[in-house]
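One is the number of the first residue; the rest follow in order along the sequence.
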Amino acid sequence: MTVAEPPPTRSSVPPLAARARAVGGSPVRDILAVTARPEVINFAGGLPAPELFDTKGIAAAYEAVLAEAPARALQYSTTEGEPALRDALAARTTARGLPTGPDDLLVTTGSQQALSLLATALVEPVDTVLVENPCYLAALQAFGFAGARVLAVPGDEHGLDPGALEELVVRERPKLLYTVPTFQNPTGRTLPAGRRAAVAAVAARHGLWIVEDDPYGELRYDGERLPWIAAHPGAEDRTVLLGSFSKVMAPGLRLGWLRAPGELRRACAVAKQAADLHTPTVNQFAAARYLADNDLDAHVARVAGVYRERRDAMLSGLAAALPAGSVWNRPEGGMFLWARLPEPYDTTALLPRVVRQNVAYVPGAPFYAGTPDRTTLRLCFVTQTPAEIEEGLRRLGEGLSPTRSATPAD
């Protein structure tokens, strides 16, 4: 008698690593997926305005490299990056006050990869990483994925407090400080010159490493450019500076870079070899050609002029849109504005009600390493026209207005 074998069972997913179980997805990405409908005016994303991309200039750069050097542009490349692009990046960085050679730079697949490489090269699960409060969400993800203990440095509307930073450095002995000192994400604030010098002095006194992320610094609308922390005495040999073309050229190129001392840069290059071998060659060739044939600074100035108008449109309409007692900042550049509603408003709980009005923001809570301020929210002002911003704020006001619910949190 033949005994029938049981049917094969569907294999379950292998047990995930602890770090994958511990770190969730991006709430911003989740919100963008929910609000992708064209009728939604989306203040939630951190997306540059696509109508301002220099599509003709970028297309011409690709056409040129594919016509003149197709074998090289479509071939594997070195992990460190194409020499022509690193030459151009080094020249731009030097012109902005930080002497830099091509060999000081590692080209990365967006500056987000630079964060991941640094976390891989530097951070052990027992290490402490200091961040701003609130902090760029994807940095929290990168360091959390590495198993770091992430602590927020106290601060105020101007950014982190150097005195509080020094106390934490002495007490906690952190591996590094991560900061976005210029037009920070999510708050849009800029760390003043005096505090930058003080942070550099803390690093020099205590051997603190700094990761200075600068994706928005060229998008200045008001005031004078401030030197990087990396350019201050005492910080030159212990600061990693991150840059990106995402906000000034196009995010789809996925081109970023890190500037770091040799030993750390080489460790990041080894980590990159394990991740993706190298950043796409053709994109690097095209970016280098674009920089050679075009005036990127003039393009950025045109973009900044449009973004300034959009920032002003949002600022002019916020008082009517937000509840009485709300406060917000006036960023000198960048892409984001940060607002705080009065108690007991909870911007996470309110979001579904607001989305029903076909408008969206990002609640502030996910940006905090510690206890979140649930009354806060982030608004991106660069993607919509002034007319769309006006309508979006009208809808936001409708969504935040008290309804039949007993509390503003609905």
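- Taking the six-membered ring wherever Trp is involved, the centroid distance between the rings of Y216 and F336 falls below 6.0 Å.
- Atoms CG and CE, from L379 and M335 in turn, are 12.5 Å apart once rounded to the nearest 0.5 Å.
- Taking a cutoff of 4.0 Å between a charged side-chain nitrogen and a carboxylate oxygen, D297 and R92 qualify as a salt bridge.
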Pair R195-L160, side chain to side chain contact (heavy atoms under 4.5 Å, CB included): steps then yes or no: CA-CA 8 Å; R195 293 197 188 187; L160 63 83; 6.0 Å; no

Evaluation steps, side chain to side chain contact (heavy atoms under 4.5 Å, CB included), between L74 and L66: CA-CA 8 Å; L74 297 176; L66 290 173; 3.9 Å; yes

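- A donor-acceptor pair under 3.5 Å is absent between the side-chain atoms of Q113 and the main chain of G110, judged by distance alone.
- In this structure, the side chains of E343 and T375 come closer than 4.5 Å at one or more pairs of heavy atoms.
- How far CG of L322 is from CG of L393: 7.5 Å, rounded to the nearest 0.5 Å.
- To the nearest 0.5 Å, atom CG of residue L130 and atom CG of residue L208 are 6.5 Å apart.
- R173 has no carboxylate O lying under 4.0 Å from a charged side-chain N of D127, or vice versa, which leaves the two without a salt bridge.
- In this structure, T100 and L105 have side chains that are in contact, with non-hydrogen atoms separated by less than 4.5 Å.
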Evaluation steps, side chain to side chain donor-acceptor pair (under 3.5 Å), between R289 and N294: CA-CA 8 Å; R289 183 58 179 259; N294 298 273; over 6 Å; no

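- A269 pairs by the side-chain contact (heavy atoms from CB on, under 4.5 Å) definition with T79, E80, L106, not counting sequence neighbours.
- Looking only at side-chain heavy atoms (C-beta outward), S111 and W257 stay at 4.5 Å or farther from each other.
- Between L337 and N329 the shortest side-chain heavy-atom distance falls below 4.5 Å.
- Considering CG of L241 and CG of D104, their distance stands at 11.0 Å, rounded to 0.5 Å.
- With 3.5 Å as the limit, one finds no donor-acceptor pair spanning the side chains of Q284 and T281.
- When only modelled atom types and interatomic distance are considered, S77 and E82 share a side-chain donor-acceptor pair under 3.5 Å.
- Atom CG of L165 and atom OG1 of T179 lie 9.5 Å apart (nearest 0.5 Å).
- Residues R302 and D295 are not paired through a salt bridge, judged by the lack of any N-O separation under 4.0 Å between the basic side chain and the carboxylate.
- With rounding to the nearest 0.5 Å, the separation of OG1 in T128 from CG in L168 is 9.5 Å.
- Looking only at side-chain heavy atoms (C-beta outward), L176 and F143 come within less than 4.5 Å of each other.
- Checking T239 against R259 by side-chain atom types alone, no donor-acceptor pair falls below 3.5 Å.
- Within a 6.0 Å sphere centred on CZ of R205, heavy atoms belonging to other residues, nucleotides or ligands number more than 12.
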Derivation and outcome, side chain to side chain contact (heavy atoms under 4.5 Å, CB included), residues L315 and W328: CA-CA 9 Å; L315 287 170; W328 54 89; 3.9 Å; yes

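- No side-chain N or O of Q141 forms a donor-acceptor pair with one of Y136 less than 3.5 Å apart.
- Using a distance-only test at 3.5 Å, with no hydrogens or angles considered, no donor-acceptor pair links the side chain of D312 to the main chain of E309.
- Between the side chain of R254 and the backbone N or O of P251, at least one donor-acceptor pair lies under 3.5 Å.
- By the 4.0 Å N-to-carboxylate-O rule, R266 lies too far from E263 to be salt-bridged with it.
- At a threshold of 4.0 Å, the pair D103-R86 counts as salt-bridged, since one of the basic side-chain nitrogens sits closer than that to a carboxylate oxygen.
- At distances below 3.5 Å, not a single donor-acceptor pair connects side-chain atoms of R238 with backbone N or O atoms of A230.
- Between the side chains of Y178 and D213, at least one donor-acceptor pair of N or O atoms lies under 3.5 Å.
- Listed here is the closest heavy atom pair of L118 and C268: CD2-SG, 3.6 Å.
- Pairing each heavy atom of R340 with each of D373, the nearest pair is NE-OD2, 2.7 Å.
- Judged purely by atom type and a 3.5 angstrom limit, T94 has no side-chain atom pairing as donor or acceptor with the backbone of A91.
- Counted by atom type alone, N42 and Y361 present zero donor-acceptor pairs between their side chains at under 3.5 Å.
- Under the 3.5 Å distance criterion, the side-chain polar atoms of T383 are left unmatched by any main-chain donor or acceptor of P48.
- Nearest approach of I210 to A203, heavy atoms of both residues: CD1-CB, 3.7 Å.
- Checking T182 against R196 by side-chain atom types alone, a donor-acceptor pair falls below 3.5 Å.
- Put simply, the side chain of V153 reaches to within 4.5 Å of the side chain of L177, judged on heavy atoms.
- A 6.0 Å sphere centred on CD of E390 holds no more than 12 heavy atoms belonging to other residues, nucleotides or ligands.
- In summary, R225 and E218 do not engage in a salt bridge, as defined by a charged side-chain N under 4.0 Å from a carboxylate O.
- Between K272 and D276 a salt bridge is recorded (basic side-chain N to carboxylate O distance below 4.0 Å).
- The shortest side-chain heavy-atom distance between V180 and P215 falls under the 4.5 Å cut-off.
- Contact between V202 and P162 at its shortest, heavy atoms only, is CG2-O, 4.0 Å.
- The aromatic rings of H278 and Y76 lie perpendicular to each other, with more than 60° between the two planes, well past the 30° mark.
- Other residues, nucleotides and ligands place no more than 12 heavy atoms under 6.0 Å from the CD atom of E224.
- A distance-only check finds no donor-acceptor pair linking the side chain of R374 to the backbone of T347 [under 3.5 Å].
- One side chain, N358 or R37, offers a donor N or O that lies under 3.5 Å from an acceptor on the other.
- A salt bridge does not link E132 to R189: none of the charged side-chain nitrogens sits closer than 4.0 Å to a carboxylate oxygen.
- L122 and K175 get closest at one heavy-atom pair: O-NZ, 2.6 Å.
- Across all their heavy atoms, P331 and R311 have their closest contact at O-NH1, 2.9 Å.
- For the residue pair Y290 / D54, a side-chain donor-acceptor distance below 3.5 Å is found, with atom types taken as modelled.
- Judged by distance alone, the side chain of R310 and the main-chain N or O of Q384 form a donor-acceptor pair under 3.5 Å.
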E391/V359 under side chain to side chain contact (heavy atoms under 4.5 Å, CB included): CA gap, chis, key distance, verdict: CA-CA 9 Å; E391 172 60 18; V359 66; over 6 Å; no

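- Between the R378 side chain and the W338 main chain, no donor and acceptor come within less than 3.5 Å of each other.
- Formation of a donor-acceptor pair under 3.5 Å by the E236 side chain with backbone atoms of G234 is found in this model.
- Checked by atom type, the side-chain pair T109/T279 shows a donor-acceptor distance below 3.5 Å.
- Taking the side chain as every heavy atom from C-beta outward, P181 and I229 approach each other to under 4.5 Å.
- A salt bridge is defined here as a Lys NZ or Arg NE, NH1 or NH2 lying under 4.0 Å from an Asp or Glu carboxylate O, and K247 with D214 fails to meet this definition.
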